[in-house]
Asks: 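Sharing a structure, written as structure tokens. Questions coming.
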Amino acid sequence: MLLLRDGQAPSTAIHRADYLAPAYWIDTVHLSFDLDPAKTRVLNKMTLRRNADVPAQPLKLDGEELNLARVLVNGQGTSFRMEGEQLVLDNLPDAFELEIFTTCAPVKNTKLMGLYVSNDSFFTQCEAEGFRRITYFLDRPDVMASYTVTLRADKTKYPVLLSNGNLVEQGDLDDGRHFAKWVDPHKKPAYLFALVAGQLVAREQRITSRAGKDHLLQVYVRPGDLDKTEHAMNSLMYSVAWDEARFGLGLDLERFMIVATSDFNMGAMENKGLNIFNTKYVLANQATATDTDYSNIESVVGHEYFHNWTGNRITCRDWFQLSLKEGLTVFRDQEFSQDLCGEASARAVKRIEDVRVLRTAQFPEDAGPMAHPVRPDSYIEISNFYTVTIYEKGAEVVRMMQTLVGNGASDPLGRDGFARGMALYFERHDGQAVTCDDFAQAIADANPASDLARLLPQFKRWYSQAGTPRLHGVGVYDAAARTYTLTLNQSCAATPGQPDKHPFVIPVGLGLVGPDGGDLALQLSGETAPAHGPRTFVITEASETLQFVNVDAEPVPSILRGFSAPVVLEFDYSDAQLLHLLAHDSDPFNRWEAGQRLAVRLAIKSIACDAHETRANPLDDAYIEAMRSVLRHPVLDAAFKDLVLTLPSETYLAEQLDVVDPQRIHAVREAMRQQLAVALQADWASVYEANHENGAYTPDPLSSGRRALAGMALTHLCLAAVASGDKVWPGKTLQRFKDAGNMTDRFNALAALVSSGHPLAAEALPRFHAMFKDEALVIDKWMGLQSGAPDRGGNVLPAVRQLMKHPDFSLRNPNRARSVVSTFCQGNPAAFHRADAAGYVFWSERVMELDAINPQVAARLARALDRWKKLAEPYRSAAREAIARVAAKPDLSKDTLEVITRALAD
Ligand code: BES
Ligand code: ZN
């Protein structure tokens with residue numbers, strides 16, 4: 001067993017406070033690869049020099065699963081020693097050339113870190129610490145070097161040879177082999193290295209930047225997939241244009257490549273000039289991809305492209321600073337997707353979707369055993385810290401900075417101020433490896449008169465303190481004095497290693513909605529005149545009071561507009577107040593939020609109630625009528641209606657409860673869906689008629705919204721039909737499934753049959769498989785739909801076990817493993833949390849099985865039981881036992897061990 005430190009982290013933890021600059025710098029790297037799946041030979045020739053700023057010490061190079069053949073210093077054989085997996089050299093000159101010759105076995109690399117084989121092609125994944133699986137190196141992001149790479153391989157099997165930068169030479173060799181030599185004009189950390197070799201084809205596009213420079217954009221895929229690359233290429237062109245327009249950041253390479261692979265641990269990777277993507281985030285045509293796929297591709301392509309500046313040109317000093325690049329780049333991709341929406345209402349829909357991810361995934365993380373600050377203080381395995389906290393909460397922290405450099409008059413949203421801050425960040429730090437502090441300082445220094453500059457030290461608590469703050473509001477209207485007084489108290493619960501928290505800087509977007517539904521002009525006591533338009537108040541104390549004057553009638557406060565800070569807002573609204581906001585709030589986020597609050601309230605009341613009658617009919621008439629008005633609303637977008645009519649997820653509901661009975665939550669939510677289906681049946685039918693189309697397909701936000709709402713209508717019509725025995729709508733749905741002109745409509749129809757539990761699903765599912773048997777990404781959807789289906793009497797687990805026996809199933813392919821196993825364990829609470837514990841047994845088996853193949857994928861799955869302590873009995877004890885079973889397995893990877901150890905810590 002590992003020793004425990006600070007009561008939770010095993011002693012092998014790396015601490016942020018222990019950061020030391022490297023003992024040596026690596027200036028140039030010449031890599032030569034003889035690519036062979038079983039035995040690839042790697043010659044690594046580097047020039048190094050001692051870092052004079054730190055005391056002299058031996059050179060310790062990282063390596064993992066390498067076979068070392070030879071080490072030369074200045075061309076001479078030299079003595080070296082191994083310390084664990086590190087290669088150590090003593091008594092080195094101040095500057096020297098080092099040659100290291102190693103071999104590795106890409107075909108045996110099931111971890112998909114370092115150099116591996118997928119579909120007979122070679123790919124690399126180096127972030128965070130994969131480069132050490134390719135050669136011995138100072139595998140840390142603050143060591144930035146110039147790379148020259150020569151690739152040699154069989155020309156027939158591997159006609160395409162790619163690496164970072166520019167192709168400077170290529171030609172044929174003996175024995176049917178050929179070579180290509182690449183030079184990257186930019187210095188980079190090792191985690192941005194990449195190579196690709198295989199039979200690939202590319203869609204190409206030449207573009208001219210605003211500065212008049214020509215660039216070649218390429219999207220490489222397997223030969224049959226070229227017809228699915230148009231959308232990715234368009235997304236890339238939009239990304240280039242957007243970064244120029246909004247931040248003045250242009251493409252700094254002659255050639256920018258995206259390559260797709262179907263075996264990939266993550267979504268995509270921003271290697272300099274050679275992004276490598278999971279096929280899921282590249283390939284799309286209307287027959288195989290849904291609207292969601294299209295929009296994900298757009299944001300992932302954008303995200304990786306935007307890293308070219310935020311991550312690559314300026315990188316992280318150490319991995320504790322990961323949010324420096326990830327939080328900022330998520331913020332940028334969110335803004336990009338919003339800006340592409342055009343219409344304000346579509347922007348708001350995107351914002352609501354982003355907040356939904358934050359609240360259903362990040363808030364639970366922040367309240368569980370893996371809680372950590374946006375800038376963590378320690379980790380055991382860095383791969384475990386590519387979390388929703390680093391990404392999504394990190395993006396909210398950047399968003400708050402933008403808000404806090406806004407000034408009411410000329411730049412209310414802070415966009416100009418934030419762009420100035422970005423410009424200063426690049427002026428100061430281009431080409432460097434820096435910290436979150438450096439970033440925040442640049443944004444503040446570029447806006448010296450801003451709230452951010454004034455409050456910077458306190459604002460940075462968002463980087464250092466984990467946990468989701470609670471903001472508790474109380475409003476008092478004094479009719480005689482014509483004042484409205486809003487008191488806001490903030491608090492934050494303890495998280496592992498952080499018992500006490502200090503107050504945060506919380507920007508609160510605020511409006512007061514009058515009885516007629518319009519916004520009141522806000523005038524704080526002490527202000528000389530009322531101000532129209534949206535306002536943000538900055539809260540810094542544990543308790544603060546805002547008093548508004550000249551308020552003629554009691555308003556309903558609309559607090560945290562646009563979700564202006566990543567906090568839980570508690571306010572004791574009456575039902576009538578929430579209905580008022582749902583009907584009138586000018587802020588679309590809070591308008592949606594009012595509906596969610598009403599639904600949460602009804603769900604919780606019903607979950608807590610032992611009377612069967614209430615549990616069968618959780619919704620009241622007021623709620624149902626409000627939903628009817630939304631469905632019938634003449635002006636609201638279909639996409640917005642779809643969001644309002646979507647009940648809070650079971651996971652979100654669970655987070656609102658202290659003790660969680662997943663079966664009860666599921667039963668209540670299903671009852672709510674059923675009620676909406678039956679009570680609004682006629683409206684669903686009109687909504688379907690008004691929104692479904694058969695015309696040309698375009699994945700724009702407006703028509704996507706209409707397809708989503710039509711799909712939602714079908715699901716409810718099928719649900720109502722299952723209850724009434726009606727055959728018409730299920731029949732229409734099956735017909736829609738057969739005739740649909742695009743995957744979105746086809747899949748929505750199939751999902752309506754599956755999610756309503758209609759017997760016609762049994763006819764449609766095999767048909768769908770037969771239609772798409774050669775489309776791996778569609779087979780993933782097909783499997784995921786079955787693993788994520790609403791549980792009926794425990795029927796999903798046996799179906800999942802059956803899917804694992806399907807000839808198309810493989811645990812080695814991360815997408816496939818996720819679509820079956822993660823969808824079941826992490827996306828289907830009521831199917832997973834079974835009273836007989838069979839779901840947990842299944843989970844522990846898969847975690848252990850996967851851990852031996854791919855620790856990163858296993859460690860992510862291991863997090864399915866993060867929140868076990870909240871579970872009611874018998875789930876809680878059974879979950880603890882299952883976790884303990886995994887913990888007891890000898891030679892668990894440190895990835896999985898870290899997750900499991902934290903889950904069991906108290
Ligand atoms: N740098 C990451 C990819 C990565 C993640 C490498 C974890 C190594 C470990 C990349 O920029 C990224 O963030 N990808 C996301 C998608 C993105 C749109 C949020 C991913 O892969 O999930
Ligand atoms: Zn990223």
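All values derive from a computational prediction rather than experimental measurement.
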Asks: Would you indicate whether the side-chain heavy atoms of Leu87 and Ile100 approach each other to under 4.5 Å?
Replies: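 Counting from C-beta outward, Ile100 and Leu87 do come under 4.5 Å.
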Asks: Looking at Asp184, is its backbone amide N or carbonyl O close enough to the side chain of His186 to form a donor-acceptor pair, meaning the two atoms are under 3.5 Å apart?
Replies: no
Asks: Do Asn312 side-chain atoms and Glu270 backbone N/O form a donor-acceptor pair below 3.5 Å?
Replies: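 Checked: pair present.
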Asks: Applying salt bridge (Lys or Arg N to Asp or Glu O under 4.0 Å) between Asp139 and each of Lys60, Arg132, Arg133, report the one that passes.
Replies: Arg132
Asks: Donor-acceptor pair, Ser146 side chain versus Lys187 backbone, under 3.5 Å?
Replies: no
Asks: Considering all heavy atoms of both residues, which atom of Ser819 and which atom of Ser787 are nearest to each other, and what is their separation?
Replies: O-OG, 3.6 Å
Asks: Output yes when a side-chain donor or acceptor of Asn271 lies under 3.5 Å from a complementary backbone atom of Leu274, and no otherwise.
Replies: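 A pair under 3.5 Å: yes.
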Asks: Taking side chain as C-beta onward, heavy atoms only, is Trp843 less than 4.5 Å from Ile883?
Replies: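 Side chain of Trp843 against side chain of Ile883, heavy atoms only: contact under 4.5 Å found.
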Asks: Measure from the side-chain N and O atoms of Asn109 to the backbone N and O of Leu115, and report whether any donor-acceptor pair falls under 3.5 Å.
Replies: yes
Asks: Taking the inter-plane angle between the rings of Phe320 and Tyr379 on a 0 to 90° scale, is it parallel (under 30°), tilted (30 to 60°) or perpendicular (over 60°)?
Replies: tilted
Asks: What I want to find out is whether Asp172 reaches Lys155 closely enough, with some N-O distance under 4.0 Å, to be called a salt bridge.
Replies: yes
Asks: Side-chain contact, heavy-atom cut-off 4.5 Å: His307 with Met269?
Replies: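 No - every pair of side-chain heavy atoms lies 4.5 Å or more apart.
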Asks: Rounded to the nearest 0.5 Å, how far apart are CD of Glu127 and NZ of Lys325?
Replies: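 NZ of Lys325 is found 3.5 Å from CD of Glu127.
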Asks: Check whether any side-chain N or O of Arg81 sits under 3.5 Å from a backbone N or O of Val88 as a donor-acceptor pair, and report yes or no.
Replies: no
Asks: Could Asp851 and Lys889 be called an ion pair, given the rule that one side-chain N must be under 4.0 Å from one carboxylate O?
Replies: no
Asks: So which heavy atom on Leu162 is nearest to which on Leu151, and how close?
Replies: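 Nearest pair, atom of Leu162 first, then Leu151: O-CD1, 3.3 Å.
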Asks: Are Asp225 and Arg222 within salt-bridge range, i.e. N to O under 4.0 Å?
Replies: no
Asks: For the residue pair Val800 and Asn828, establish whether any side-chain heavy-atom pair is separated by less than 4.5 Å.
Replies: no
Asks: Using a strict cut-off of less than 4.0 Å between a Lys/Arg side-chain nitrogen and an Asp/Glu carboxylate oxygen, indicate whether Asp808 and Arg816 qualify as a salt bridge.
Replies: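 Salt bridge absent between Asp808 and Arg816.
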Asks: After noting the C-alpha distance and the side-chain angles of Leu777 and Thr279, does the key distance pass the side-chain contact (heavy atoms from CB on, under 4.5 Å) rule?
Replies: CA-CA 8 Å; Leu777 295 171; Thr279 44; 3.7 Å; yes
Asks: Going by the angle between their ring planes, with limits at 30° and 60°, are Tyr391 and Tyr386 parallel, tilted or perpendicular?
Replies: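 Tilted, since the angle between the ring planes falls between 30° and 60°.
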Asks: Would you check if there is a donor-acceptor pair between the side chains of Asp263 and Asn813 at a distance under 3.5 Å?
Replies: yes
Asks: How long is the gap from OG on Ser383 to CZ on Phe385, to the nearest 0.5 Å?
Replies: 10.5 Å
Asks: Quick one, Gln125 and Gln856 - any side-chain contact, counting heavy atoms below 4.5 Å?
Replies: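 They are not in contact (no side-chain heavy atoms under 4.5 Å apart), so the answer is no.
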Asks: Do the ring planes of Phe122 and Tyr158 sit parallel (below 30°), tilted (30 to 60°) or perpendicular (above 60°)?
Replies: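 Tilted: the ring planes of Phe122 and Tyr158 meet at 30° to 60°.
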Asks: Do side-chain atoms of Asn164 reach the backbone of Lys272 as a donor and acceptor pair under 3.5 angstrom?
Replies: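 It does hold such a pair.
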Asks: Any heavy-atom pair between the side chains of Glu898 and Lys894 that's under 4.5 Å?
Replies: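 Lys894 does not reach Glu898 side chain to side chain.
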Asks: With a 4.5 Å heavy-atom cut-off, do Thr315 and Lys188 have their side chains touching?
Replies: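 No. Closest side-chain heavy atoms not under 4.5 Å.
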Asks: Looking only at non-hydrogen atoms, find the nearest pair between Phe832 and Phe824 and report the distance.
Replies: CB-O, 3.6 Å
Asks: Check for a donor-acceptor pair, side chain of Arg16 on one end and backbone N or O of Pro376 on the other, with a separation under 3.5 Å.
Replies: yes
Asks: Stepwise, does the side-chain contact (heavy atoms from CB on, under 4.5 Å) test hold for Leu861 with Cys825?
Replies: CA-CA 8 Å; Leu861 178 65; Cys825 298; 3.9 Å; yes
Asks: For residues Glu99 and His30, is any side-chain donor paired with an opposing acceptor at under 3.5 Å?
Replies: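 Note: Glu99 and His30 side chains miss the donor-acceptor criterion.
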Asks: Is there a salt bridge (charged side-chain N to carboxylate O under 4.0 Å, His left out) between Lys108 and Glu65? Walk through the geometry before answering.
Replies: CA-CA 11 Å; Lys108 290 197 195 142; Glu65 292 182 38; over 6 Å; no
Asks: I'd like to know whether NZ of Lys280 has more than 12 heavy-atom contacts from other residues, nucleotides or ligands below 6.0 angstrom.
Replies: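 No, not enclosed.
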Asks: Is Asp142 paired with Arg317 through a side-chain N to carboxylate O contact shorter than 4.0 Å?
Replies: no
Asks: With under 30° as parallel and over 60° as perpendicular, where do the rings of Tyr147 and Phe137 fit, or are they tilted in between?
Replies: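 Rings of Tyr147 and Phe137: tilted, as their planes differ by 30° to 60°.
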Asks: Are more than 12 heavy atoms, taken from residues, nucleotides or ligands other than Glu204, located less than 6.0 Å from that residue's CD atom?
Replies: yes
Asks: Could you please spell out the steps behind the side-chain hydrogen bond (donor to acceptor under 3.5 Å, both in side chains) verdict for Thr103 and Asn67?
Replies: CA-CA 5 Å; Thr103 67; Asn67 306 304; 3.2 Å; yes
Asks: If you round to the nearest 0.5 Å, how far is CG of Leu61 from CD of Glu83?
Replies: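 The CD atom of Glu83 sits 11.5 Å away from the CG atom of Leu61.
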Asks: Do you know which two heavy atoms are closest between Val821 and Phe842, and how far apart they sit?
Replies: CG1-CE2, 4.1 Å
Asks: So with a 6.0 Å cut-off around CG of Asp90, is the heavy-atom count from everything else above 12?
Replies: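 Enclosed: over 12 neighbouring heavy atoms sit under 6.0 Å from CG of Asp90.
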Asks: Counting N and O atoms only, with roles assigned by atom type, does the side chain of Glu304 sit under 3.5 Å from a partner on the main chain of Asn275, one being a donor and the other an acceptor?
Replies: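 Such a contact is absent between Glu304 side chain and Asn275 backbone.
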Asks: For Asp36, is there an ion pair with Lys39 - N to carboxylate O distance below 4.0 angstrom?
Replies: no
Asks: Does the pair Arg177/Asp34 count as a salt bridge with the N-to-O cut at 4.0 Å?
Replies: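 Salt bridge between Arg177 and Asp34, a charged N being under 4.0 Å from a carboxylate O: yes.
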Asks: Which atom pair, heavy atoms only, marks the closest approach of Pro189 to Pro141?
Replies: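 Closest approach of Pro189 to Pro141: CB-O, 3.4 Å.
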Asks: Quick check on Lys181: does its NZ atom have over 12 non-hydrogen neighbours (other residues, nucleotides or ligands) under 6.0 Å away?
Replies: no
Asks: Do side-chain atoms of Thr823 reach the backbone of Arg818 as a donor and acceptor pair under 3.5 angstrom?
Replies: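 Yes; at least one donor-acceptor contact below 3.5 Å.
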Asks: Do the rings of Trp319 and Tyr191 sit parallel, tilted or perpendicular, given the 30° and 60° boundaries?
Replies: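 Plane angle over 60°, so perpendicular.
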Asks: Using side-chain heavy atoms (C-beta onward) and a distance below 4.5 Å, is Arg812 in contact with Asn854?
Replies: no
Asks: How far does CD of Gln826 sit from CG of Leu865, to the nearest 0.5 angstrom?
Replies: 9.0 Å
Asks: About how many Å separate CG of Leu59 and CD of Gln86, when rounded to the nearest 0.5 Å?
Replies: 9.5 Å
Asks: Tell me the closest heavy-atom pair linking Asn44 and Tyr136, and the distance in Å.
Replies: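 Looking at all heavy atoms of both residues, the shortest contact is ND2-O, 3.1 Å.
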Asks: Say you draw a straight line from CG of Leu811 to CD of Glu849; how long is it, rounded to the nearest 0.5 Å?
Replies: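 Leu811 CG to Glu849 CD: 5.0 Å, rounded to 0.5 Å.
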Asks: Does the side-chain contact (heavy atoms from CB on, under 4.5 Å) test come out yes or no for Glu64 and Asp62, once each step is laid out?
Replies: CA-CA 7 Å; Glu64 201 181 290; Asp62 305 297; over 6 Å; no
Asks: Does Asn285 form a side-chain contact (heavy atoms from CB on, under 4.5 Å) with Thr288? I'd like the steps, not just the answer.
Replies: CA-CA 6 Å; Asn285 64 30; Thr288 59; 3.0 Å; yes
Asks: Going by side chain to side chain contact (heavy atoms under 4.5 Å, CB included), Ile276 matches just one of Ile258, Val282, Val196. Which one?
Replies: Val196
